[in-house]
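Counting convention: from 1, in listed order, for ligands and their atoms alike.
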Amino acid sequence: MRKSPIGIFDSGVGGLTIYEEIHKLLPQESIIYLADSKNAPYGEKSKEEIIEISDKNTAFLLSKGCKLIVVACNTASTNAVYYLREKYDVPIIRVQPAIKPAALNSKTKVVGILATKGTLKSELLFETSQRFAQGVQVVEQVGEGLVSLIESGKMHSPEMDALLSKYISPMIEKNIDYLVLGCTHYPFLTPQIKSLVGDEIIILDSGEAIARQTKVILEQEDLINDKPTAIKRVFYTNKNTAVLQNILDEFDENLKAIKIDF
Ligand code: DGL
């Protein structure tokens with residue numbers, strides 16, 4: 001079991017921002033990544049649909065022998081992780097928007113969160129804000145269209161710049177000093193967002209925290225691959241491979257996107 005891969009899924013390429021941190025921290029682990037781009041964006045779907053899709057993705061990764069599953073999608077994490085943990089025996093790690101550190105460290109007592117509709121309307125987000133953001137105003141903004149642009153290879157485009165400016169300028173006017181990226185696709189946009197918010201506003205995502213959490217759970221469960229040989233990193237997509245391959249090329253030229261019917 002220790003040699004088995006870690007399974008990661010997302011509604012597309014966004015979870016690669018989590019994969020990157022996990023691989024950095026745990027280079028001895030094999031990883032299977034599933035980009036369920038055919039069903040993106042999840043953020044526009046009902047809770048029931050998100051549960052059904054997340055269940056299917058988890059079953060797929062388990063059929064490939066994964067020892068632990070990382071739900072590298074905020075929308076699926078906030079809506080489906082309770083269900084998945086009930087149903088499956090393997091450890092299931094979820095991602096969560098970094099509202100807690102933002103609220104704890106905010107000096108202006110106003111923080112912004114950019115996320116999908118599915119994440120912003122979830123109970124988990126509501127509970128997190130209630131618990132950790134007392135006395136802090138949380139300015140919520142739906143990043144409608146951002147995931148679709150990234151999934152169609154338009155990460156750097158005039159449409160993207162226009163949407164980002166439309167969503168972020170009102171938050172700057174409300175005096176936020178932290179901007180939480182509550183969708184795993186958004187860290188790809190950090191350079192563009194930084195040029196809008198400048199140095200005064202701190203941008204937070206959850207990649208490193210999730211990688212640390214994955215390591216802790218593997219250690220607790222005695223699942224760390226302590227005799228690494230023939231490490232595999234496999235990347236599946238159920239849509240066209242070009243968008244996934246472009247990003248993989250930036251990580252490491254040996255990584256290959258594989259098309260599957262799924
Ligand atoms: N990466 C997903 C997330 O973190 C995107 C969700 C979507 O497909 O709308 O929420």
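With distances taken over non-hydrogen atoms, the option nearest atom 4 (O) of ligand 1 out of Val13, Asp36, Asn74 is Asn74.
The 12-atom threshold is exceeded at CD of Glu219, counting heavy atoms of other residues, nucleotides or ligands nearer than 6.0 Å.
Between Lys67 and Glu29, at least one side-chain nitrogen of the basic residue sits less than 4.0 Å from a carboxylate oxygen of the acidic one, meeting the salt-bridge criterion.
The atoms of ligand 1 that sit less than 4.0 Å from any heavy atom of His185 are 1 (N), 2 (C), 5 (C). The contact set between ligand 1 and Pro41, taken as ligand atoms under 4.0 Å from a residue heavy atom, comprises 7 (C), 8 (O), 9 (O). Within ligand 1, the atoms closer than 4.0 Å to a non-hydrogen atom of Ser11 are 2 (C), 5 (C), 6 (C), 7 (C), 8 (O), numbered from 1 in the order shown. In the vicinity of Asp10, heavy-atom distances shorter than 4.0 Å reach the ligand 1 atoms 1 (N), 2 (C).
Within the structure, salt bridge (charged side-chain N to carboxylate O under 4.0 Å, His left out) pairs that include any residue of residues 106-123 comprise Glu44-Lys117 (at least two apart or interchain). Sorted by first and then second residue, the pairs that involve residues 77-91 and meet salt bridge (charged side-chain N to carboxylate O under 4.0 Å, His left out), not counting sequence neighbours, are Asp55-Lys87.
A donor-acceptor contact shorter than 3.5 Å is absent between the side chain of Ser106 and the backbone of Ala103.
The ring pair (Phe, Tyr, Trp, His ring centres under 6.0 Å) test with Tyr236 singles out one residue from Phe60, Phe262, Tyr33, and that residue is Phe60.
What sits closest to atom 6 (C) of ligand 1 on the protein, heavy atoms only, is Thr75 OG1, 3.3 Å. Protein heavy atom nearest atom 7 (C) of ligand 1, with residue, atom name and distance: Tyr42 N, 3.1 Å. Looking only at heavy atoms of the protein, atom 9 (O) of ligand 1 is closest to Gly43 N, 2.7 Å.
Taking distance alone, with nitrogen or oxygen atoms compared against 3.5 Å, Glu44 stays at or beyond that limit from ligand 1.
Taking the centre and axis of the six-membered ring of Tyr83, the NZ or CZ atom of Lys47 falls outside the cone set by 45° and 6.0 Å.
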